[in-house]
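Whatever order the structure lists ligands and atoms in, that order sets their numbers, starting from 1. Atom set for the values below is all heavy atoms of this structure, side chains included, hydrogens, waters and symmetry mates excluded. Heads up: numbering here begins at 1 and tracks the sequence. Because the structure is predicted, anything quoted here is derived from the model rather than measured.
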Amino acid sequence: MPKIQILDQDIANKIAAGEVVERPGSVIKELVENAIDAEATSITVEIRNGGVTYMRVTDNGCGMKKEDARCCFMRHATSKISNIADLYAISTLGFRGEALAAISAVSKIELITAPEGEEGTKLILEGGKELSCDDTGAPKGTTIIVRDLFYNTPARMKFLKSDRSESGYVAALMERLALSHPEISIRFIQDGKNIISTNGNGKLLDVIYSLWGKELTKGMLQADTEMQQIRVYGYVGEPTLTKPNRNYQLCYINGRLVRSQTVFAAIDQAYRNNLFHGRHAVCILKINLPYGLVDVNVHPNKMEVKFSNEKLIFEAVYYAIKNALNKQTLLKKDEPIKLDQNRVEPKKALQNKKDPFQAVTILQKPKPLIENIENEEIKIQPQAEPKPLEKISVTEKKADKAEEEDYFVSIPKKSAFTLTSKKTLHEESAPAPMQETLVEIKKEIPYRYIGEIFKTYILIESDDQLYLVDKHAAHERMIFEGLLKERGSQKISAQAFLVPEQIMLSPEELSYAEQHIAEFMEIGFEISTFGAKEILLRSRPVCLTNEGAADAFCEILNNWMHGGKINATERENTALKTVACKAAIKAGNLNDTKELRALVTKLIEDDEVHQCPHGRPVMIAYDKKTIEKAFKRI
Ligand code: ADP
Ligand code: MG
């Protein structure tokens with residue numbers, strides 16, 4: 001082993017920089033947080049080339065005196081804590097005194113800063129070393145320009161993504177910062193284009209509107225609940241307003257954006273049974289709680305937090321959303337949006353005092369959560385009774401003989417169905433379907449289409465079996481097989497829109513979409529960019545409806561973005577599955593009997609179709625003996 005050496009300051013700073021400065025976005029985050037800590041009411045962020053060559057953050061905060069400006073780039077230089085006790089009552093975003101040291105170690109910096117009514121200072125640094133320090137005239141506040149990030153650490157430079165993705169990352173970050181501080185006017189300029197501009201009037205809904213547009217804003221409900229010193233407020237989407245991922249679930253704890261599994265779980269629980277499978281609610285939630293109840297010093301980039309009482313946080317979030325959903329009075333669908341209905345947030349979002357402007361909070365009875373959830377389950381779960389079965393068999397017996405015969409159709413060839421479902425009709429009185437068994441329908445044995453139940457399952461009788469077909473799963477699978485065949489070597493055939501669909505995307509989504517135009521084209525989606533936030537969808541796969549197309553596109557986009565490393569065929573398959581799912585008839589919708597019969601005919605002819613492409617069974621069976629046993633006939 002070589003002899004141990006103490007690293008010199010320069011190397012030590014570069015190593016430390018790796019922890020704080022990963023990419024341009026991490027620099028912007030630190031600089032904007034500093035501006036917020038300096039109590040700025042207006043912050044402008046400008047980047048060029050993904051931020052790699054140029055980043056500027058200008059604020060109108062408290063500014064720094066010359067001696068502070070000269071030492072703020074030193075490690076552990078902070079004005080925010082001075083003793084250990086402070087560490088447990090952190091109310092500012094920064095506190096480690098590490099960011100500026102780390103950033104300046106790996107870039108070229110220009111700092112212009114001035115406190116109110118005082119002379120300004122201009123400081124130039126390269127690789128953390130001060131090159132010059134001069135007096136200058138400057139308005140109150142601070143401007144930091146960071147040039148040529150990682151110019152002296154080429155190894156880090158290599159890890160940067162394309163300028164587009166770095167810009168997308170910064171833009172997404174700026175959105176989140178704007179949402180967390182409606183009381184600060186935030187501007188974001190990317191390569192000369194104005195991307196974000198909020199007016200700083202303190203109204204969260206105004207920020208949501210300016211970032212995400214009118215449609216989304218219309219579906220937002222105001223939430224505000226306080227229990228045991230925990231106040232949860234913000235906006236939550238109506239259950240019809242959903243997204244394919246959690247990108248639109250933002251949670252700010254004491255003003256700090258965090259990702260908390262506890263909060264996600266509470267959101268899911270509050271929307272349980274109200275959302276389509278795989279969809280996520282839109283929620284912008286601010287949680288204010290006494291600083292002692294939360295530890296933010298857990299993760300270097302401070303996205304994770306530890307709560308001293310998880311259950312309490314869970315309940316507070318759960319009730320806040322439930323209360324908002326139950327009220328649903330603020331914005332009715334047809335009413336024009338009144339942005340001024342909303343509360344002005346306190347000037348300093350971090351303060352934990354009760355806000356005098358605040359409307360009275362409503363809190364449901366403080367029942368134990370478990371009990372409440374159980375009650376809800378009983379209410380919401382569809383009741384599974386054996387009655388519908390009886391009813392159907394009775395009516396069918398009375399049916400006209402001729403018509404009944406007409407119902408019997410010969411099965412053209414041998415089919416086998418895998419039974420994998422664990423669903424039962426009723427715990428005690430109805431038989432469980434046979435499980436994990438292969439049921440063969442013998443060649444040339446006729447089947448009879450009985451009808452449909454719960455607007456979801458088609459009943460078929462054949463030989464001594466009763467089949468239940470999930471109409472959506474069956475249709476989805478068939479469409480998927482069709483798409484796979486069609487794809488073979490060619491593009492999925494597309495139908496152009498007469499008027500292209502305009503789709504609003506987050507900056508990250510937009511940048512991803514632009515980089516994958518060709519791939520989308522292959523599966524029938526032709527897209528082109530349109531403005532700074534939108535794309536135009538110009539065509540869709542033929543099997544989709546116009547209305548379903550945008551939804552399918554967004555879902556595919558997000559699946560691809562967050563799907564991890566999978567090969568091209570798998571990527572395409574997930575996309576085609578989404579298309580098939582959106583194109584298929586839906587459970588809960590009414591369908592024409594003819595349509596359903598045709599579906600059954602095709603299904604029985606097709607040996608491939610035993611599971612939906614997502615892996616759920618298409619069909620389950622009950623045999624006559626099991627049913628007879630249940631009725632105690634044998
Ligand atoms: P931290 O924010 O953890 O204290 P930083 O390295 O980010 O550490 O900043 C060091 C110090 O520089 C801060 O504590 C603050 O006093 C000062 N500072 C940084 N940015 C600004 C700004 N925009 N306005 C006023 N003071 C600033
Ligand atoms: Mg800081």
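- Residue S26 comes nearest to Y169 through the heavy atom pair N-CE2, 4.5 Å, listed as atom of the first residue, atom of the second, then distance.
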Distance-only criterion, 3.5 Å: show the donor-acceptor pairs between side-chain atoms of residues 103-110 and protein atoms not counting sequence neighbours.
from : atom 1 : to   : atom 2 : distance (Å)
S104 : OG     : L100 : O      : 3.0
S104 : OG     : A101 : O      : 3.1
S107 : OG     : I103 : O      : 2.8
K108 : NZ     : D148 : OD2    : 3.3
E110 : OE1    : R147 : NH1    : 3.2

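- Proximity annotation for atom 7 (O) of ligand 1: of D68, I36, T143, N34, N34 comes nearest, heavy atoms only.
- The N/O atoms of E30, backbone and side chain alike, include none that comes under 3.5 Å of an N/O atom in ligand 1.
- Inclusion of D37 in the set of residues having an N or O under 3.5 Å from an N or O of ligand 1 is not warranted.
- Short contacts between ligand 1 and A38, defined as distances under 4.0 Å to a heavy atom of the residue, involve ligand atoms 24 (N), 25 (C).
- Residue contacts with ligand 1, taken as heavy atom pairs separated by less than 4.0 Å, involve L100 via backbone and side-chain atoms alike.
- Only side-chain heavy atoms of D59 come within less than 4.0 Å of ligand 1; its backbone N, CA, C and O stay farther off.
- Both tests do not hold together for R256 against Y252: distance to the six-membered ring centre under 6.0 Å, angle to the ring axis within 45°.
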Got a list of side-chain donor-acceptor pairs under 3.5 Å for residues 504-512, not counting sequence neighbours?
from : atom 1 : to   : atom 2 : distance (Å)
S506 : OG     : E509 : N      : 3.2
S506 : OG     : E509 : OE1    : 3.4
E509 : OE1    : S506 : N      : 2.8
E509 : OE2    : N558 : ND2    : 3.2
S511 : OG     : Q515 : NE2    : 3.3
Y512 : OH     : R571 : NH1    : 3.2
Y512 : OH     : R571 : NH2    : 3.0

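- With a 6.0 Å cutoff to the six-membered ring centre and a 45° limit on the axis angle, R259 does not count as a cation-pi contact of F264.
- Relative to the six-membered ring of F159, R23 misses at least one condition, a distance below 6.0 Å or an angle of at most 45° to the axis.
- Annotation for ligand 1: atoms under 4.0 Å from non-hydrogen atoms of M64 are 17 (C), 18 (N), 21 (C), 25 (C), 26 (N), 27 (C).
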